[in-house]
Every structure is written in C-alpha cells, then in structure tokens.
There are 2 protein chains.
Amino acid sequence: METKSTVREQILDHAITLMMLRGYNGFSYRDLSELVGVKTSSIHYYFPSKDDLVLEAVNQYSSEVMAGLQSIDAALPAGEKLATYTRLFGKTLGDGDQICLCGMLAADIESLPESVREAVQAFFRANESWLAAVLAQGAKEGTLVVKGKPESAGRTLFAALQGSVLASRLFHTKSRLEDVEAMWRVAH
Amino acid sequence: METKSTVREQILDHAITLMMLRGYNGFSYRDLSELVGVKTSSIHYYFPSKDDLVLEAVNQYSSEVMAGLQSIDAALPAGEKLATYTRLFGKTLGDGDQICLCGMLAADIESLPESVREAVQAFFRANESWLAAVLAQGAKEGTLVVKGKPESAGRTLFAALQGSVLASRLFHTKSRLEDVEAMWRVAH
DNA sequence: GTCTATATGCCGATAGAC
DNA sequence: GTCTATCGGCATATAGAC
C-alpha cells in the first residue's frame with residue numbers, strides 16, 4: 001500500500017526546503033509551481049497568501065523536529081542525548097546548503113507577520129528548554145558543563161548551534177557542530 | 001568644519017542598515033532611492049549592479065568592525081576585552097531590529113555571488129581568531145574558560161554570539177548576549 | 001552626476017471556465 | 001482542484017538628455 005503524497009504536502013515540503021536554502025524573500029510561487037508541477041494559481045488554492053504558506057511550513061517543521069526530540073530515549077545519559085541532538089541538527093544541512101528553517105526565518109523576521117514570529121519563538125523556546133533539561137541532567141551526572149542556570153546555558157547552547165550551522169554552510173564544512181558539542185562536555 | 005557625507009556614502013550606509021534589517025532579498029534600489037533622495041538610476045551610477053553594492057557594503061562594514069577591534073586596548077585583561085567585544089556586538093542590534101550584516105548575509109549566502117561569500121568568510125575568520133586570542137589570554141590569566149584549542153573555542157563563541165543577536169531580536173530582548181559572555185567567564 | 005523615460009521580467013494574487 | 005488569462009505593481013537595469 002504505497003502512500004503517495006498529496007499536492008498540498010508536496011507544496012509544503014518544497015516550500016520548507018526552498019526556505020531553508022534561500023529564505024522567505026528568496027523563493028516564489030513560481031519556484032514551487034515548477035517543482036511540484038502545478039500552476040501557481042493552484043498553489044493559491046491551498047495557501048491563499050504567502051504568509052499562510054510560511055506559517056503552515058513553520059508548524060509542520062516544528063512538529064517534525066518535536067517528534068525527533070521525543071524519539072530520543074529519556075533513559076539515555078545526558079551526553080548521548082546531546083550527541084543525538086547535535087547529529088539531528090547537523091542533518092538540517094542537507095546537501096550542505098540548508099540551515100534550520102526557524103533560524104532562517106529568524107533572520108527574515110522583520111519581513112514577516114506577527115503570527116510567524118510567535119511560531120518561530122515557540123520553536124526556539126521548545127529547543128532551548130529541551131537542551132536546558134539535558135544540561136541539568138548532565139550536571140547532575142557530572143558529564144556536562146553547566147555554568148549558571150540551566151535555562152541560560154540552554155539558550156546559549158542553542159544559539160551556538162544555530163550560529164554553527166550558518167558557519168558550516170558558509171565555509172562548506174561540517175565540523176563546526178561537533179566543536180560546539182565538545183565545548184559543553186566535561187573533559188575526560 | 002562640517003563634513004557632510006556624499007551621496008555615495010549615504011547609499012552605502014542605508015544599504016547596510018536595510019540589509020541588517022531585512023536581508024539581501026528584502027530591500028530594493030527603490031527603498032534606497034527614497035531614503036537618500038535620488039532616483040534609482042543615480043544609484044546604478046555608483047553601484048552598477050546590486051551585487052556590486054552588497055560587496056562594497058560588506059567591505060565597509062568589515063572595516064568598521066575591524067577598526068572597533070583595534071581600538072580595544074591590547075593591554076587590557078582578557079575578561080574586559082571580551083566584555084567590550086560583547087558590548088560592541090550588542091550595538092549592532094540598533095533599535096532592536098537589526099542583526100550583524102555578515103550574519104544576515106550568511107543566511108542569504110545561497111542567493112549571492114562567490115565574491116560576497118569570500119568577503120563574509122573573511123569577516124567570520126577575523127572575528128573568530130580575534131576571540132580565540134582573547135580566550136587564550138584569558139586561559140593563561142585564569143579568568144576565562146577555554147576547553148580544547150582556542151581556535152575551536154573562538155569559533156563556538158562567535159557562533160553563540162551570532163545566534164544570540166538573532167534570538168535577541170526575535171524575542172525583543174537584549175539580555176541574551178550577556179548570557180553568552182557569562183558562559184566563558186571563570187566562576188568567581 | 002542626476003534626471004526622465006523605458007525595457008523586460010518576475011512578483012503575489014484573483015476571476016472565471018472546466 | 002486545476003487550469004488559462006490577466007491584473008497592477010515592483011524588481012533590476014539601461015539609454016540618452018541635460
């Protein structure tokens with residue numbers, strides 16, 4: 001029983017990919033039209049305005065990432081959780097030319113409506129607090145370094161990861177994510 | 001003796017400000033035209049193509065930042081150097097709606113020519129190695145925390161600062177930069 | 001140097017046939 | 001649902017007068 005994706009799903013998936021590549025102002029309904037194989041007017045049928053499309057893209061992307069986080073075994077040591085998270089984060093790079101959708105939209109935020117800002121903020125908060133919990137666990141285990149409150153540390157770690165994918169793409173390298181992870185690890 | 005800026009300088013300054021707000025694909029010659037008070041064709045006289053304009057904008061921005069770095073007294077303790085750097089970085093936020101030009105262009109990099117990528121890379125490298133030197137000094141003094149090589153630590157710190165201005169703007173707050181700085185500081 | 005005028009093309013969006 | 005056709009607007013860029 002093959003489950004082929006609907007036109008609507010294809011539009012959303014390609015919109016996410018294109019925005020991770022070029023950002024909100026760097027893709028068009030025409031781009032999507034050519035990728036999906038329908039006319040631009042058909043895209044307007046599913047997503048009346050570009051803002052509607054972006055908002056749904058963020059929501060789908062967030063759901064996928066949240067599902068990825070929940071799939072990480074809660075019984076794991078903190079160090080392995082962080083390693084898994086870093087690896088997942090590195091996968092957003094794709095062929096090396098993409099960054100996190102919400103990191104990209106944070107850069108484009110001044111061109112976007114308030115509804116999108118709130119959705120992107122929610123994504124940031126969810127990741128930051130997930131990382132804060134992992135850091136708190138690691139501090140208790142003595143495996144991760146946490147200076148100050150775990151909440152501050154979680155925000156800093158997430159920022160470092162966002163900045164690192166940006167730099168990884170800029171320099172066509174992959175190694176910068178691991179540098180970040182190592183920084184929060186207790187020296188052997 | 002007042003030194004009024006030339007049209008060319010005004011164009012470049014407004015281009016930098018606009019890009020720090022909305023990015024490469026989010027501003028136009030028309031925007032500049034209205035801000036400076038000349039027609040778009042006059043802007044093309046100074047900067048034949050938009051890519052020319054962006055490249056010169058990056059170069060001017062880099063020069064300004066480099067001058068800011070050189071103005072930091074080399075005799076200062078590492079902790080104070082880092083504090084000054086963080087404060088300078090926070091000033092890029094402007095009225096709270098701007099991010100670092102080169103962080104923004106790193107997000108837009110897949111829409112830009114190779115010449116701009118190289119200029120943005122040079123900016124990243126200069127900042128990363130400046131921070132690496134400060135961290136090395138701080139490690140010697142016992143005032144800053146450095147795990148692993150100073151080069152890796154410098155890259156991670158710079159990434160964290162880039163990610164933090166992004167988040168600061170997203171959440172309309174200013175406090176995230178100091179969280180980052182505190183993370184590299186040796187606990188009292 | 002700055003202007004008017006224009007070229008050419010893409011943009012998001014809508015109306016209405018099928 | 002998908003199409004054709006089209007709208008009004010804005011994009012970068014250029015030609016040529018002054």
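Below, chain A is the first sequence line, B the second, and so on; all start at residue 1.
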Round to a whole Å and report the spacing from [atom1] of [X] to [atom2] of [N].
X	N	atom1	atom2	result
B/E9	C/dG1	CD	P	13 Å
B/I43	C/dT4	CD1	C1'	15 Å
A/I11	D/dG1	CD1	P	12 Å
A/H44	D/dC3	NE2	P	13 Å
B/Y45	D/dT14	OH	P	15 Å

Practice prompt. Mind grabbing the angle between the end helix axes of the helix from C/dG1-D/dC18 to C/dC18-D/dG1? Five pairs an end, 10° rounding.
Written response: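 That helix has its two terminal axes inclined by roughly 0°.
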
Item to complete: Answer yes if the ring centres of B/W130 and B/Y85 are under 6.0 angstrom apart, and no otherwise.
Response: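 Yes, close enough.
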
Worksheet item: Counting side-chain heavy atoms from CB outward, which of D/dC3, C/dT2, C/dT14 is closest to A/S42?
Response: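 Shortest atom-to-atom distance from the side chain points to D/dC3.
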
Worksheet item: Nearest of D/dA13, C/dT2, C/dA13 to any side-chain atom of B/S49?
Response: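 For B/S49, the side-chain atoms sit closest to D/dA13.
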
Discussion item. Could you report the tightest heavy-atom contact between A/L21 and A/Q98, atom names first, then the distance?
Written reply: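 The answer is N-CG, 4.5 Å.
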
Item to complete: Please name the pair of heavy atoms, one in B/R169 and one in A/D108, separated by the smallest distance, quoted to 0.1 Å.
Response: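 Of all heavy-atom pairs spanning B/R169 and A/D108, the closest is NH2-N, 4.3 Å.
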
Worksheet item: Going by number, which of residues 20-40 of chain A have a non-hydrogen atom under 4.0 Å from DNA chain C?
Response: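 Within this stretch, A/F27, A/S28, A/Y29, A/R30 sit under 4.0 Å of the strand.
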
Discussion item. Strictly below 4.0 Å: does B/S41 bring a side-chain N or O up to OP1 or OP2 of C/dC3?
Written reply: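 B/S41 to C/dC3 OP1/OP2: no side-chain N or O under 4.0 Å.
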
Worksheet item: Out of A/L18, A/L12, A/T40, which residue meets the side-chain contact (heavy atoms from CB on, under 4.5 Å) rule with A/L32?
Response: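 The residue from A/L18, A/L12, A/T40 that satisfies side-chain contact (heavy atoms from CB on, under 4.5 Å) with A/L32 turns out to be A/L18.
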
Worksheet item: B/Y29 ring centre to B/K39 NZ or CZ under 6.0 Å, with the angle to the axis within 45°?
Response: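 No, B/K39 does not sit over the ring of B/Y29.
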
